[in-house]
Structure formats: structure tokens, C-alpha cells
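Nothing here was measured: the structure is a model prediction, and the numbers come from that model. In what follows, every chain begins at residue 1, and chains take the letters A, B, ... in the order their sequences are listed. Any value given below was found using the heavy atoms of this structure, including those in side chains, with hydrogens, waters and symmetry copies removed.
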Amino acid sequence: MPNVVTRFAPSPTGFLHIGGARTALFNLLYARRNGGKFILRIEDTDQERSTPEAVRAILDGMTWLGITWDEGPHFQMERMDLYRKEAGRLLREGKAYRCVCTKEELDARREEMTARKEKPRYDGRCRDLAPGATEGKPSVLRFKAPRTGQTVVRDLLRGDVVYENAELDDLVLLRTDGSPTYNFVVVIDDASMGITHVLRGDDHLNNTPKQVLLYEALGYPLPRFGHFPLIHGMEGGKLSKRQDDVSVMAYREKGFLPEAMVNYLVRLGWGHGDQEIFSMVEMQDLFSLEHVGKSPSKFNLDKLLHLNAHYIKMAEPERIANLLVPFLAKRGIDAKPLPWLTAAVRTLLERSRTLEEMAESAEYYFRPKPAEPKVAAKFLTPEIAPVLLEVADAFSALEDFKADMEDALNEVVERRGGNLKIHQPIRVALTGGTASPGLFEVMEILGRDEVVRRLRGAAGRIGA
RNA sequence: GGUCCCAUCGUCUAGUGGCCCAGGACGCCGCCCUCUCACGGCGGUAGCGAGGGUUCGAACCCCUCUGGGACCGCCA
């Protein structure tokens with residue numbers, strides 16, 4: 001048995017969330033760093049909201065990011081017998097009780113308490129009902145939590161957090177339909193799977209004392225807990241679907257590389273001196289809980305973009321060419337990952353922050369792109385038209401276009417007096433824009449005939 | 001409203017009592033490189049939330065305030 005076992009336990013009710021991905025990553029890294037095991041568990045006790053598509057989405061997202069698990073995925077729905085058995089045990093031992101309060105009654109009481117500015121919670125009125133009193137009525141099983149004393153959560157990141165038991169609730173263990181609730185199954189699962197370190201988001205900190213009490217009631221050994229801060233949206237507050245892309249896969253679709261994503265995520269809340277760039281292997285070697293921050297961090301797209309640009313620059317052009325194909329397809333360009341595409345990609349590597357940007361830039365390699373009227377008016381002037389034609393003629397006479405195009409162009413410039421500004425007009429004629437890779441690189445990719453064709457086409461449009 | 005957590009440049013962070021009149025990165029600005037854009041190089045901008053302590057000495061320790069956040073469900 002490894003001395004460290006961590007887990008990621010998402011509920012399959014949507015896509016893999018940015019925050020969830022980081023939680024998974026931290027758990028993976030902590031396990032790896034300590035020679036431990038990382039388990040994936042799907043928390044699907046909420047049958048209303050859980051879907052197989054969401055399970056798929058979570059698995060896909062993790063796989064894409066390279067967050068691999070050693071065991072699982074386990075599904076809670078397959079472990080029902082265990083939960084029922086443990087629930088029965090608590091009931092027999094007098095550590096849980098049947099509660100016949102209806103949802104409506106509970107809601108009404110909660111509202112009253114809120115109106116009185118009290119902390120809304122269960123008042124415990126079914127706690128000491130006579131044994132037969134709940135017979136035949138629909139009921140839930142509640143945990144009989146201690147009313148006095150304190151529960152201490154020993155948190156790896158926050159130190160000891162003390163809760164008054166009087167503040168804690170008699171939480172529901174089994175619903176009316178007999179299905180178990182989150183706080184109950186999470187304890188049973190973590191214990192039965194031998195989880196040694198429960199590392200999760202801050203939003204669970206206030207659940208933890210309730211779970212600690214359950215561990216004690218069930219007679220399980222306590223794991224270590226660690227709660228790290230949440231990731232906030234760009235405008236502050238929770239990540240919101242309106243303002244932020246919360247789904248990991250949305251970033252894949254926008255043309256982010258998984259290694260950029262993971263690198264960005266690991267730096268959100270964790271640091272290692274001044275280092276900014278981390279490979280998965282480095283993270284696994286260096287990660288430690290002591291260097292995880294305690295305050296929430298805001299998601300910052302600019303920095304992600306910068307990291308993505310970095311990784312695109314560093315990547316193998318062949319790989320990027322392959323990844324680029326679907327992005328080109330989205331723009332109606334049917335490109336196979338040919339050597340030619342790789343050559344084109346090579347020219348775009350250091351001027352693209354995402355694959356989407358690269359696909360956009362690459363358009364002129366595949367089809368002529370007309371210049372914007374303003375750009376055309378500035379660079380494709382009537383005076384320049386004959387020069388364009390002259391350059392086209394000079395090019396079309398070349399045997400070895402690649403080797404001689406620069407000289408040929410210079411000769412034309414010399415003939416015209418030497419200080420002719422011809423590069424930008426040619427760039428505009430060829431690419432439709434004023435920004436592109438080096439002119440001669442672009443021309444090499446396009447090839448002599450296409451260059452001549454576009455030059456003549458542009459000159460012709462000036463006349464018209 | 002109650003309970004709990006948190007607080008260094010706009011943002012991500014380094015910093016665990018003297019090495020810090022606070023370092024790196026993103027962004028932004030300027031310069032250099034240059035056929036454009038980008039890359040790269042160089043330089044700059046900007047911060048310890050406030051007030052009290054403790055100490056010879058505080059970004060680091062304590063208290064109060066302020067601000068932000070989480071949770072309070074038969075959701076997870």
C-alpha cells in the first residue's frame with residue numbers, strides 16, 4: 001500500500017471545469033511527488049443531474065491535459081450496497097435516526113430562521129422520536145451529530161480550524177428514496193479506498209467537520225485534509241459561464257495546447273521560486289503543498305495566451321501542422337498535414353498565440369485574400385501597378401525561384417532608382433494584409449507561379 | 001444573518017524577523033533588431049489594504065478594522 005493515495009472526485013453534471021482540472025492536477029502531482037497513487041472516482045449519486053455524456057467529457061478533458069489516473073474510474077452508483085450497509089450500522093448503533101419532516105416543512109422552517117436572521121439549519125425535532133413513531137411514514141436517515149464540544153479540522157494548508165459542534169447540522173445520510181447523499185458517501189468512499197490525503201477546493205472546508213464526525217461515528221481512521229483556494233473569474237468572484245470559459249475543452253477548441261493549459265493551471269495557486277515554465281515531469285518532481293497559496297487567484301487570459309504562444313513556438317512543426325488541420329477546416333480549408341503545410345506552419349510558429357490565430361493567419365497560403373479597401377488604397381496605388389507587373393515578369397523568368405527571388409526583386413528596385421518602397425505593396429498583393437512572416441518566406445511557400453498570379457491580379461485590380 | 005477562510009504591483013506569484021527603500025512573470029510604455037507583424041534583447045511603470053501593538057529590527061508575529069470569498073439543501 002503506497003503511503004500516499006489521493007483522488008479526484010467530480011460529479012458528472014457538466015464539463016470538466018477549470019477549477020476541477022486544477023484540483024485533479026494538484027492531486028495527481030501530490031501523489032506523483034510522493035510515490036503514491038491517484039484515483040479517479042465519479043460522484044454520481046445525484047441521478048437527476050448525472051449523465052454519461054458528462055462522464056465522457058470529464059474523462060476526455062483529463063486525458064487531453066495528460067492528467068492520468070492510476071485507478072478507476074470508480075462509480076458510486078456501483079457501491080450502493082456498501083452505503084446501505086453502513087447506514088444500517090449507524091442506525092443500529094444509535095448514531096443515526098429516521099426523520100419524517102417533509103421537504104416543505106423544512107423549507108418553511110428554514111425561511112423562518114432566515115427571517116429571524118439566524119443560521120438556517122435542522123432543528124432536530126425527530127432526533128428523539130420513539131422508535132416506532134416513524135413506522136410506515138416516508139422518512140430520511142439523519143446523522144445524530146453531537147450537540148456539544150468542538151470538532152477540529154487539521155488542514156494541511158490552513159492549520160487547525162475549530163468548529164463548535166453546536167453549529168453543525170444533523171445532515172441527511174439517506175434520502176427518502178434510500179439513495180445516499182454526498183457527505184455520507186464521500187466519507188465511506190475515501191475511507192474504503194484508502195485515501196490518505198483529501199485535497200480539494202475551499203468550498204468543501206465547511207463540510208469537513210461534518211465529515212470528520214462521520215469518520216468518527218463510522219470508526220474509520222481520519223485522512224489528512226487540505227483545502228486550496230478557488231479560482232476566480234477575470235472580473236473577480238466565481239468563474240462565471242457568462243464572462244469566462246469555464247470548460248477545459250473550450251480552450252482546446254480555441255486552439256490552446258494542453259501543456260500550456262497545465263502549466264498555467266499549476267501556477268494558479270502554486271509557485272516554485274521564479275520559475276514560470278514547467279513540464280509535467282518537472283511539476284511532478286517539484287510540487288509541494290507548502291508552496292500552495294492560501295488566497296484565491298483570478299483567471300488571467302493574457303498569461304495563458306502568453307504561455308500558449310511559448311509552447312507553440314517550442315513545439316514540433318509537424319505536430320502543430322496536424323493539430324491545425326481541424327482549425328483550417330473550420331474556415332473551409334481542406335488541408336492535409338503535408339510537408340508543405342508544415343513549412344507554412346513553421347513561418348507562423350512565433351506569431352501565433354493560439355491555433356485559431358494561426359489558422360486565421362494561414363488563410364492566404366491557401367487562397368488569395370483581397371486587401372481591405374483602406375489598405376489597398378494606401379499600398380496598391382496606380383503608381384505601384386507597373387512595378388508589380390515588372391516584378392511578376394522578373395519572377396516568372398526565374399528557374400530557381402527560391403534562390404534568386406531576392407536578387408530579382410533588388411534588380412527591379414535598382415532599375416527604378418534604388419529607394420523604392422516595394423515590400424509592403426507586394427506583401428499586401430500576396431497576403432491581403434500588412435503583417436505577415438518574412439516576405440521571402442511567404443513567397444517560397446506560395447511558389448513562383450502563385451506569386452506571379454497574385455502580383456498580376458493585384459496590378460489588374462488597380463487598373464479597374 | 002451565522003460560521004469559516006483569505007489579504008504583496010492591474011493580474012499570477014517569490015518572500016516564513018535582518019539578505020527586501022520587496023524579486024520574477026503577464027500586461028502596459030519606451031528603445032534596439034528589422035521588408036511588415038511577431039520573436040528576441042535592453043530599459044521603464046506599478047505593490048506589502050488601514051490602524052494599533054510585540055521587537056534593537058517587521059511584508060513576515062499578535063490584535064482591531066476594512067475588503068474579498070466559501071458554506072449554511074433529501075446538490076456535489
Determine the contact category for [X]: base if any of its heavy atoms lies under 4.0 Å from a base atom, sugar-phosphate if only primed atoms, P, OP1 or OP2 are that close, otherwise nothing.
{"X": "A/Y264", "value": "nothing"}
{"X": "A/K103", "value": "base"}
{"X": "A/P209", "value": "nothing"}
{"X": "A/E276", "value": "base"}
{"X": "A/H272", "value": "nothing"}
{"X": "A/G433", "value": "nothing"}
{"X": "A/P120", "value": "base"}
{"X": "A/L307", "value": "nothing"}
{"X": "A/V140", "value": "base"}
{"X": "A/L205", "value": "sugar-phosphate"}
{"X": "A/H227", "value": "nothing"}
{"X": "A/S297", "value": "sugar-phosphate"}

Output the single nucleotide from [options] whose closest atom is nearest the side chain of [X].
{"X": "A/V161", "options": "B/rU11, B/rC5, B/rC74", "value": "B/rC5"}
{"X": "A/Y163", "options": "B/rC35, B/rC74, B/rU3", "value": "B/rU3"}
{"X": "A/H423", "options": "B/rA38, B/rC37, B/rC35", "value": "B/rC35"}
{"X": "A/L439", "options": "B/rC6, B/rC35, B/rA70", "value": "B/rC35"}
{"X": "A/S436", "options": "B/rU11, B/rU36, B/rC35", "value": "B/rU36"}

Is a donor-acceptor contact shorter than 3.5 angstrom present between the side chain of [X] and the base of [N]?
{"X": "A/R158", "N": "B/rC5", "answer": "no"}
{"X": "A/R267", "N": "B/rU13", "answer": "no"}
{"X": "A/R121", "N": "B/rC72", "answer": "no"}
{"X": "A/N206", "N": "B/rA70", "answer": "yes"}
{"X": "A/N207", "N": "B/rA76", "answer": "yes"}
{"X": "A/K119", "N": "B/rC72", "answer": "no"}

May I have the distance from [X] (atom [atom1]) to [N] (atom [atom2]), rounded to whole angstrom?
{"X": "A/H291", "N": "B/rG15", "atom1": "NE2", "atom2": "P", "value": "4 Å"}
{"X": "A/L265", "N": "B/rU13", "atom1": "CG", "atom2": "P", "value": "12 Å"}
{"X": "A/Q275", "N": "B/rC26", "atom1": "CD", "atom2": "P", "value": "14 Å"}
{"X": "A/D169", "N": "B/rC72", "atom1": "CG", "atom2": "P", "value": "10 Å"}
{"X": "A/D189", "N": "B/rA76", "atom1": "CG", "atom2": "C1'", "value": "13 Å"}
{"X": "A/E164", "N": "B/rC72", "atom1": "CD", "atom2": "C1'", "value": "16 Å"}
{"X": "A/H204", "N": "B/rC5", "atom1": "NE2", "atom2": "P", "value": "18 Å"}
{"X": "A/E444", "N": "B/rC35", "atom1": "CD", "atom2": "P", "value": "18 Å"}

Could you identify the nucleotide paired to [N], looking across every strand shown and requiring Watson-Crick or G-U wobble geometry with both distances under 3.5 Å?
{"N": "B/rU36", "result": "none"}
{"N": "B/rG2", "result": "B/rC71"}
{"N": "B/rC20", "result": "none"}
{"N": "B/rA7", "result": "B/rU66"}
{"N": "B/rG43", "result": "B/rC29"}

Sole candidate of A/E105, A/E112, A/E111 that passes salt bridge (charged side-chain N to carboxylate O under 4.0 Å, His left out) when paired with A/R109: A/E105
Please confirm whether the shortest side-chain N or O distance from [X] to OP1 or OP2 of [N] is below 4.0 Å.
{"X": "A/T45", "N": "B/rA76", "answer": "yes"}
{"X": "A/R110", "N": "B/rC72", "answer": "no"}
{"X": "A/H306", "N": "B/rU11", "answer": "no"}
{"X": "A/K313", "N": "B/rG40", "answer": "yes"}

Polar side-chain atom of A/R22 near backbone of A/L268 as donor-acceptor pair, under 3.5 Å: yes
Earlier contact from the 5' end, RNA chain B, for A/S139 and A/S295: A/S295
Residue mapping more 5' on RNA chain B - nearest nucleotide basis, A/T434 or A/Q76: A/T434
Using the [atom1] atom in both, what is the distance from [N] to [M], to the nearest Å?
{"N": "B/rC60", "M": "B/rA22", "atom1": "P", "value": "15 Å"}
{"N": "B/rA58", "M": "B/rU8", "atom1": "C1'", "value": "14 Å"}
{"N": "B/rG24", "M": "B/rC61", "atom1": "P", "value": "24 Å"}
{"N": "B/rA7", "M": "B/rC65", "atom1": "C1'", "value": "13 Å"}
{"N": "B/rC12", "M": "B/rA46", "atom1": "C1'", "value": "15 Å"}

Distance-only donor-acceptor check, side chains A/Y83 and A/T45, under 3.5 Å: no
A/F401 and A/F395 aromatic ring geometry - parallel, tilted or perpendicular at 30°/60° bounds: perpendicular
Looking only at the aromatic ring of each residue, does the gap between the centers of [Y] and [X] stay below 6.0 angstrom?
{"X": "A/F8", "Y": "A/W69", "value": "no"}
{"X": "A/Y182", "Y": "A/H204", "value": "yes"}
{"X": "A/F228", "Y": "A/Y30", "value": "no"}

Side-chain ion pair, A/E259 and A/R319, N-O less than 4.0 Å: yes
A/K303/A/E276 ion pair, N-O < 4.0 Å: yes
